[in-house]
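Lettering follows sequence order; numbering is per chain, from 1.
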Amino acid sequence: MKKYDHKKIEKKWQSEWAKAKIYNAKEGASAKGMKKFYPLVEFPFPSGAGLHTGHVRSYTAMDVVARKHRMEGENVMYPIGWDAFGLPTENYAIKTGRQPAAVTKENTDNFRRQLKSLGLSFDWLREVDTTDPKYYKWTQWIFLKMFEKGLAYKAKTEINWCPKDKIGLANEEVVNGRCDRCGTLVEKRVKEQWMLAITKYADRLYDDLDTVDYLERIKIQQRNWIGRSEGAELGFAVRVGGKALADKVKVFTTRPDTLFGVTYVVVAPEHPLVSTLEYKNKTEVAAYVAAARKESDIERTDAKKEKTGVKLEGVSAVNPANGEEVPVFVADYVLGGYGTGAVMAVPAHDERDFAFAKKYDLPIRHVVEPSFEKNEGKDATRKGQPFVERNAVMCLIKHWDKDEFLCSKWKSNDWQGFVTGGIDGAEDEGATAVREAAEETGYTGTKYVRTVGTVHSKFYHDVKRKNRYAHFKVVYLELASGAQKPVAEDEKNLHDVVWVPRDRVRDFVNRPDLKAAWDLFADGCYVGEGVLVGSGKFSGMDADGAMKPITEFAGGKWVTTYKLRDWVFSRQRYWGEPIPLIHCEKCGWVAVPEKDLPVKLPAVKKYEPTDTGESPLSAMTKWVNVKCPKCKSPAIRETDTMPQWAGSSWYYLRYVDPKNSKKLADPKKLDYWTPVDWYNGGMEHTTLHLLYSRFWHKFLYDIGVVPTAEPYKKRTSQGMILAEGGEKMSKSRGNVVNPDELVETYGADTLRLYEMFMGPFDQAIAWDTKSMIGPRRFIERVFAFGQRPTRKGATLSKETGALLQKTIQKVTADIENMNFNTAISSLMILLNAFEKEDAVPRADLESFLKLLAPLAPHMTEDVWHELGNKKSIHIAPWPVADETKLEDESVTIVVQVNGKVRASFIVAKGTDKNVLERTALGLADVKKWVGEATPKKVIIVPGKLVSIVV
RNA sequence: GCUGGAGUGGCGGAAUUGGUCUACGCGCAGCACUCAAAAUGCUGUGGGCGCAAGCCCGUGUGGGUUCGAGUCCCACCUCCAGCACCA
């Protein structure tokens with residue numbers, strides 16, 4: 001018997017596959033009639049550290065999918081390449097005094113060797129490298145097209161500057177105020193930078209998510225990042241020392257319905273008004289602004305930080321709805337970069353304004369009264385029936401001693417709330433509340449303290465059979481003592497009274513109107529829906545419905561704003577694509593003519609970044625000084641380079657036609673291969689890379705280069721692999737698992753199988769080298785089983801035969817759904833069954849091997865050939881389940897007595913219900929529990945169970 | 001705080017429309033093989049009580065719906081991820 005030797009087997013088949021070219025996608029005539037399948041994984045940044053376990057997980061998963069589709073007869077293109085520009089290489093090169101290109105070459109060679117050792121079925125003829133001038137020629141070309149269309153523009157912006165990397169960062173590269181790469185606190189600098197107008201595509205990037213098959217959480221994150229919100233832009237006239245200014249200050253609000261509740265206006269420290277206006281306390285304000293701007297984003301945007309601000313003395317803003325003059329503040333809780341950089345403050349209905357108003361003792365004016373309508377349950381309002389209006393009180397009664405409130409729990413339904421009651425005629429709310437409290441609870445010592453507000457509630461009155469519209473005055477009462485008189489019987493039968501601690505009240509009451517009443521009392525700020533009051537002619541209107549009318553009335557306009565910012569595209573570094581533009585005194589910014597592309601990176605001796613923020617390329621006078629392509633007068637090159645995101649924004653298109661020197665890719669090939677059918681990658685790329693590449697793709701679609709509006713049909717994400725113990729793997733912690741060593745000791749097949757088996761693919765999971773022994777044993781058992789002699793004319797037992805068919809179905813579906821762990825488990829179960837058979841027919845063994853082939857390609861190939869096959873298993877047809885053999889002939893029927901399993905029996909499939917019942921009741925184990933009694937009820941689920949109720 | 005997702009043996013994790021909870025793997029225990037060990041094979045392995053047959057309890061907590069709940073409903077607790085003063 002041959003012993004399983006992974007090194008020998010894996011080396012042998014990897015070279016056989018390369019010779020036979022079975023993993024190269026078919027083109028032209030040989031592809032005719034074949035359905036194409038384009039799976040994609042994120043191409044790696046070839047770091048010096050080599051491949052990590054996360055790469056293996058993602059690449060193996062798509063490899064399994066790719067292999068299955070290949071066996072299903074599809075024309076599969078599974079490509080790979082190198083996202084090789086980037087800071088780590090440059091930093092490493094600087095440290096070691098070497099050329100980045102040389103370092104890159106070394107790293108990609110190592111990555112290629114590692115990937116090949118895993119037996120991944122990549123089409124190596126399509127390898128791309130973003131640092132290859134033949135590749136980045138087209139990155140530059142796309143940029144120039146954007147420049148042509150006005151999507152690339154230079155702007156003086158405050159940029160995020162990383163003092164350690166000496167580089168400007170995009171907003172997306174700043175995480176919690178720190179540099180995404182090195183963790184250094186980010187500073188702000190003003191610099192002229194190239195920008196890409198991704199915000200022009202915001203709507204389409206948002207809306208087209210509906211047309212693609214991404215994991216829901218990915219879509220949510222993208223929408224979140226784009227942050228689209230609709231609202232009103234309103235103009236407030238500005239007055240300084242009583243005189244009106246020509247320009248109004250524009251504010252953005254999503255709640256124009258609260259316009260009559262504005263008690264002040266706030267502008268961001270960056271707002272032009274702050275510096276351009278003349279007012280009394282300008283020095284004080286200037287000091288505040290300077291302090292605010294010095295703060296890092298992380299300090300400034302901490303929501304928990306106490307709000308600060310300064311009033312602009314002598315400046316006021318005029319409410320466009322009612323002409324009221326309100327003070328103007330500058331405060332850093334308003335962000336300069338969002339909306340208009342100014343807000344109208346409505347402390348009564350916005351938490352942030354409320355906090356600010358409390359601190360600076362500003363007036364709070366309520367213009368929305370909570371209002372709710374019951375829409376479900378038996379007390380839901382009845383359509384078409386009139387409402388009977390009723391004035392009522394809602395009593396918040398505080399304990400005489402403890403910090404608890406008196407609540408009531410209805411007996412007839414699941415309501416939990418406060419004491420309520422109708423206001424009779426002339427009685428005021430205070431008197432009513434005191435009376436109702438005594439009647440319902442017996443407590444006689446209540447004292448009226450204050451009326452908190454009003455809450456409206458529409459519901460169906462069950463007893464009176466009428467729609468009711470109740471207007472509750474929320475009244476706060478305090479008990480002086482626990483004095484109590486007896487409660488009338490009819491009240492007692494309605495509800496129980498309970499004392500609820502203050503911090504539990506909100507959760508205890510279970511209707512939105514009650515919760516709103518509590519919020520008004522406990523907080524004073526109400527942000528929910530309701531009905532307008534004190535809002536001129538809009539009073540009485542539903543707040544939501546009043547948004548647009550009020551906007552119109554105030555002369556504002558309805559607008560959409562985004563959190564998404566334009567993309568800062570310049571980097572002051574060496575190791576990136578040069579931005580192909582030339583600056584001429586006469587002509588301004590001029591594109592490098594297409595025939596002169598690519599603009600190659602010059603060989604430089606010294607390419608350290610500079611403290612001045614100038615690109616290292618700026619020192620290359622020979623390279624920098626050129627002639628203007630238009631007027632031929634002396635001009636200079638742009639010395640900034642592109643960010644790493646550039647090359648990765650379109651690489652999936654180049655795979656389609658990687659050697660094309662005339663075009664980015666042949667349109668016919670793009671027509672055939674794009675869009676990508678399935679793109680798997682890390683969650684960390686959902687907001688940056690995925691959004692950027694969708695943006696570039698849409699642009700290329702607009703200029704007719706690509707045939708579809710979206711680049712990726714489907715997007716999935718693998719969970720992160722953590723170190724043993726659940727921490728993140730990192731070099732500094734020294735807990736990184738090296739795939740090379742695992743391939744060496746366990747073999748690629750075992751590593752692949754383990755990574756696919758360790759847990760659900762989309763979940764984070766801790767590494768556990770000990771557990772690799774399981775998959776390794778399985779592989780050895782299969783290998784040994786393949787050498788077991790088969791007998792002529794052997795057949796599987798009925799059960800194992802059915803199990804094989806079931807396994808075919810399960811593995812087929814599981815791979816497609818990325819449930820690799822359960823696919824492997826069902827293959828293990830099948831092997832267990834095979835081993836118990838006297839003999840397994842060769843065809844059945846081969847079906848099993850084929851199901852396993854995508855997961856463990858080397859070992860299965862070896863066994864496959866040992867069985868006498870001449871062509872590769874990886875191009876053999878994928879098994880199809882034989883439905884006729886699928887069904888077991890007999891089924892186990894479970895018998896439950898009063899819901900507990902007491903017995904089971906086996907019958908032929910399709911046995912009659914009556915027979916099942918009789919058989920069940922006849923079992924000794926069942927009789928024991930049923931006894932002499934006649935069952936009250938017998939429930940029979942054919943083919944499953946009999947449930948007896950006694 | 002908001003938005004998603006998840007809590008099941010010693011561990012990673014399985015469980016069609018609600019229908020025998022813990023598949024598969026790891027680990028552990030016993031046995032076989034061996035001079036011995038490793039490897040391998042076989043058997044067992046949720047907790048409690050019991051000599052046993054067996055019974056009771058068990059999917060984060062507390063309620064509910066149902067003949068029957070890991071699965072559905074309500075409330076709560078914990079953990080993970082993303083966003084976070086976005087007006």
task: Mind checking A:V343 for me? I need base, sugar-phosphate or nothing, with any heavy atom below 4.0 Å counting as a touch.
output: base
B:rU3 OP1/OP2 closer than 4.0 Å to side-chain N/O of A:R217: no
field: Integer-rounded Å distance: B:rG82 P and A:K219 NZ
entry: 21 Å
- prompt: Judged by modelled atom types alone, do A:T561 and A:Y338 share a side-chain donor-acceptor pair under 3.5 Å?
  reply: yes
query: Once you round it to whole Å, what is the distance between P of B:rA14 and CG of A:N817?
result: 14 Å
A:I220 CD1 to B:rA81 C1', straight-line distance once rounded to whole Å: 12 Å
message: Is there a side-chain contact between A:K836 and the phosphate of B:rC42, meaning an N or O under 4.0 Å from OP1 or OP2?
response: no
query: Does A:K307 count as lying over the ring of A:Y333, i.e. NZ or CZ under 6.0 Å from the six-ring centre, within 45 degrees of the axis?
result: yes
- prompt: If only side-chain N and O atoms of A:Y338 are considered, is one of them under 4.0 Å from the OP1 or OP2 phosphate oxygen of B:rA87?
  reply: yes
- line: Ordered by number, residues from residues 821-828 of chain A within less than 4.0 Å of RNA chain B (heavy atoms) are A:N821, A:T822, A:S825, A:M828
query: For A:M683 and B:rG4, what is the distance between atoms CE and P respectively, to the nearest whole Å?
result: 14 Å
Base B:rC26 to side chain A:S771, donor-acceptor N/O within 3.5 Å cut-off: no
Side chain of A:V894 (C-beta onward), nearest among B:rU20, B:rC67, B:rG13: B:rU20
field: Spacing of the C1' atoms in B:rC49 and B:rU43 (rounded, Å)
entry: 25 Å
message: For a quick check of understanding: with a heavy-atom distance under 4.0 Å over all strands, which category does A:Q896 fall into, base, sugar-phosphate or nothing?
response: base
- prompt: Are the ring centres of A:F356 and A:Y264 closer than 6.0 Å?
  reply: yes
message: For the residue pair A:R715 and A:Y214, would you count it as a cation-pi contact if the rule is NZ or CZ under 6.0 angstrom from the ring centre and within 45 degrees of the ring axis?
response: no
Under 4.0 angstrom between A:K770 side-chain N/O and B:rC26 OP1 or OP2: no
message: Classify A:R781 by what it touches in the nucleic acid, base, sugar-phosphate, or nothing, heavy-atom distance under 4.0 Å.
response: sugar-phosphate
field: For atom CD1 of A:I948 and atom C1' of B:rG68, their distance in whole Å
entry: 13 Å
message: Counting Watson-Crick and G-U wobble pairs with both distances under 3.5 Å, what is the dot-bracket string for RNA chain B, 5' to 3', using [ ] for crossing pairs and | for pairs to another strand?
response: (((((((..(((......[....)))((((((.......))))))((((....))))..(((((..]....))))))))))))....
message: Is a donor from one side chain sitting under 3.5 angstrom from an acceptor on the other, for A:N680 and A:Q718?
response: yes
task: Could you measure between the two C1' atoms, the one in B:rG82 and the one in B:rA23, and give it in whole Å?
output: 33 Å
- line: The residue, A:K937 or A:I829, whose nearest nucleotide of RNA chain B is more 5′ is A:I829
query: Closest nucleotide of RNA chain B for A:I773 versus for A:S947: which of these residues is on the 5' side?
result: A:I773
Short side-chain N/O contact to B:rC26 OP1/OP2 from A:R777, under 4.0 Å: yes
statement: Of the listed B:rC83, B:rG25, B:rG19, the closest approach to the A:N832 side chain comes from B:rG25
d(CZ, A:R902; P, B:rC55) in whole Å: 6 Å
